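Data first, discussion second: the structure below is written as structure tokens.
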2 protein chains.
Amino acid sequence: MPKRVDHRERRALIADALMRVAADQGLEAVSLRHVAAAAGASPGMVQHYFRTRDEMMTFALSVIRERNEARVSRAVAALGGSPRPRELLRAMLSELLPLDEERRADGRVALAFLAYTAVRPAVAAALHDETAALLGFLAAQIRAGGAAPRVDPDRAAVGLLAVLEGLGIYLLGGHYPPETALAALDAQLDLIFGPETPKS
Amino acid sequence: MPKRVDHRERRALIADALMRVAADQGLEAVSLRHVAAAAGASPGMVQHYFRTRDEMMTFALSVIRERNEARVSRAVAALGGSPRPRELLRAMLSELLPLDEERRADGRVALAFLAYTAVRPAVAAALHDETAALLGFLAAQIRAGGAAPRVDPDRAAVGLLAVLEGLGIYLLGGHYPPETALAALDAQLDLIFGPETPKS
DNA sequence: CCGTTTACATTGCGACTGTATTGGAAACGG
DNA sequence: CCGTTTCCAATACAGTCGCAATGTAAACGG
């Protein structure tokens with residue numbers, strides 16, 4: 001066996017550089033040379049780990065998904081035992097909002113990818129299932145959380161997810177501050193579950 | 001006076017070609033030559049009316065805004081006299097959703113611009129005021145429409161706008177069909193105004 | 001020690017980009 | 001008829017792009 005290097009680590013390093021470039025110059029600035037420069041490497045190395053630009057892109061997209069997944073499960077774990085559905089949802093969703101600079105950077109890249117995949121339906125199809133699963137989970141939580149009788153859990157789930165996405169967009173655009181977004185998220189949960197009952 | 005041509009018309013023609021290119025190949029494919037080809041003109045002509053690419057971009061962005069504005073006021077006019085706030089909102093917002101192929105195309109371009117402006121804060125600032133005005137209008141309608149007492153009109157307006165944006169995104173991604181989005185929009189209005197009272 | 005395999009670095013190529021420049025056709029005032 | 005101004009076409013240029021090809025250093029099995 002010749003010279004061995006941790007393949008996964010290198011790819012992660014490169015993907016990280018890609019994210020930095022994309023986050024502050026946009027996806028269109030993501031080129032082999034720019035990413036290489038951001039990673040402090042040579043273009044040849046990037047090319048060694050990703051034979052094509054598209055390959056690099058789709059990998060970066062998967063990294064974003066994994067990061068969000070990790071964020072969510074970390075937040076859920078911090079909640080402890082068996083939280084009430086409403087608290088669970090609030091923890092999950094607020095974690096997905098771009099409330100600090102780190103998540104804002106990720107969010108900008110995610111937004112760029114959204115536009116990117118809008119023109120490449122094949123890539124978008126992969127996200128399709130994920131959305132469906134997420135909607136199912138949200139609906140189940142809404143059902144379990146004892147929503148007001150007049151709300152249809154499935155429609156409420158669609159609305160809730162849409163609110164999340166929309167709030168994220170407007171946050172990224174800087175159209176209002178984080179607290180406004182959080183307030184709107186809470187208001188949405190209020191609409192679904194009824195107003196929060198503060199313990200005396 | 002030498003050879004005279006309707007300046008506005010030419011720019012509109014070019015912007016239209018730009019939209020077509022952007023709608024089915026993404027903003028990154030928008031180059032002088034591509035746009036010229038799509039417009040059936042020479043690159044030189046495009047250059048004559050837009051001295052720089054950015055100038056062309058910002059013009060196209062303004063075209064999108066005008067189209068949406070026109071769509072909304074047309075829909076509102078079709079509503080006649082003095083509609084109830086809820087009907088007004090529903091007409092306005094559903095008109096902004098990418099429900100048919102024409103609006104889907106516009107939506108893809110708008111999404112691309114969203115990502116585009118996320119990296120150019122100066123351009124985004126222009127949209128800032130528009131969002132604030134829209135939020136104010138929505139809140140006023142919600143107030144006037146006799147929302148349930150437990151809803152804060154301002155927060156509900158933020159939520160409603162976010163739902164709109166989010167539904168648009170997911171529609172563009174093809175994650176669910178138009179009727180699902182419309183149902184979610186109605187459900188959101190139900191949450192705000194209370195369930196619709198069907199006339200016997 | 002040797003050959004093979006992996007990990008990179010470098011360079012080159014053709015295509016494309018935005019922009020500047022130049023040139024000519026058309027239309028009008030004088 | 002002439003000059004000027006507008007419209008647009010064509011071309012030139014420097015830079016970047018993705019990608020392929022080539023070269024080299026290192027590490028291991030035999």
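So you know, we letter chains A, B, ... as the sequences are listed, proteins then strands, and number each from 1. Note that the coordinates shown come from a computational prediction; the quantities given were computed from them, not determined experimentally.
Backbone-only engagement by A/V30 is indicated by non-hydrogen atom pairs under 4.0 Å involving sugar-phosphate atoms exclusively. Note on A/R10: only backbone sugar-phosphate atoms sit closer than 4.0 angstrom, heavy atoms only; bases stay farther off. Nucleic acid contact class of A/H7 (heavy atoms, under 4.0 Å, all strands): none.
Remark: B/S31 is in phosphate contact with C/dT17, judged by side-chain N or O atoms under 4.0 Å from OP1 or OP2. A sub-4.0 Å separation between OP1 or OP2 of D/dC17 and a side-chain N or O of A/H34 is present. For B/H48 and D/dC8, the shortest distance from a side-chain N or O to OP1 or OP2 is not below 4.0 Å.
Contact annotation: the side chain of B/D24 never approaches that of A/V119 to less than 4.5 Å [non-hydrogen atoms, C-beta and beyond]. A heavy-atom distance below 4.5 Å is not found between the side chains of B/D186 and A/R155.
Rounded to whole Å, atom P of D/dC17 lies 11 Å from atom CE of A/M56. For the pair B/Y49 OH and C/dT19 P, the computed distance is 19 Å after rounding to whole Å. Atom CG in A/D54 sits roughly 12 Å away from atom C1' in D/dC19 (whole-Å rounding). For the pair B/R11 CZ and D/dC8 P, the computed distance is 13 Å after rounding to whole Å. Taking atom CG on B/L27 and atom P on C/dG18, their separation rounds to 12 Å, with Å as the unit. Rounded to whole angstrom, the span from the CG atom of A/L32 across to the P atom of C/dT11 amounts to 17 Å. The interatomic distance linking B/F50 (CZ) with C/dA20 (P) rounds to 16 Å, in whole Å. Atom pair B/D6:CG and D/dC8:P shows a separation of 11 Å (rounding to whole Å applied).
Between the CD1 atom of B/I192 and the CD1 atom of B/I142 there is a distance of 4.5 Å, given to the nearest 0.5 Å.
Distance from the side chain of A/V5 is smallest to C/dA7 among D/dG18, D/dA9, C/dA7. Nearest nucleotide to the B/Q47 side chain, out of D/dC17, C/dG18, C/dA20: C/dA20. Comparing C/dA9, D/dC8, C/dT19 by their nearest atom to the side chain of B/T52 picks out C/dT19. Of the candidate nucleotides D/dC8, C/dG18, C/dT21, C/dG18 has the atom lying nearest to any side-chain atom of B/R53.
Comparing A/R33 and A/G44 by the nucleotide of DNA chain D whose heavy atom lies nearest to each, the residue mapping closer to the 5' end is A/R33.
Judged by distance alone with a 3.5 Å cut-off, no donor-acceptor contact links the side chain of B/R51 to the base of C/dG18.
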Working note: A/R103 + A/E95, criterion side-chain contact (heavy atoms from CB on, under 4.5 Å); need CA distance, chi angles, decisive distance, verdict. CA-CA 9 Å; A/R103 280 174 287 177; A/E95 196 70 25; 4.1 Å; yes
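Between A/Y170 and A/H175, the ring planes lie perpendicular to each other; the angle is over 60°, past the 30° to 60° tilted range.
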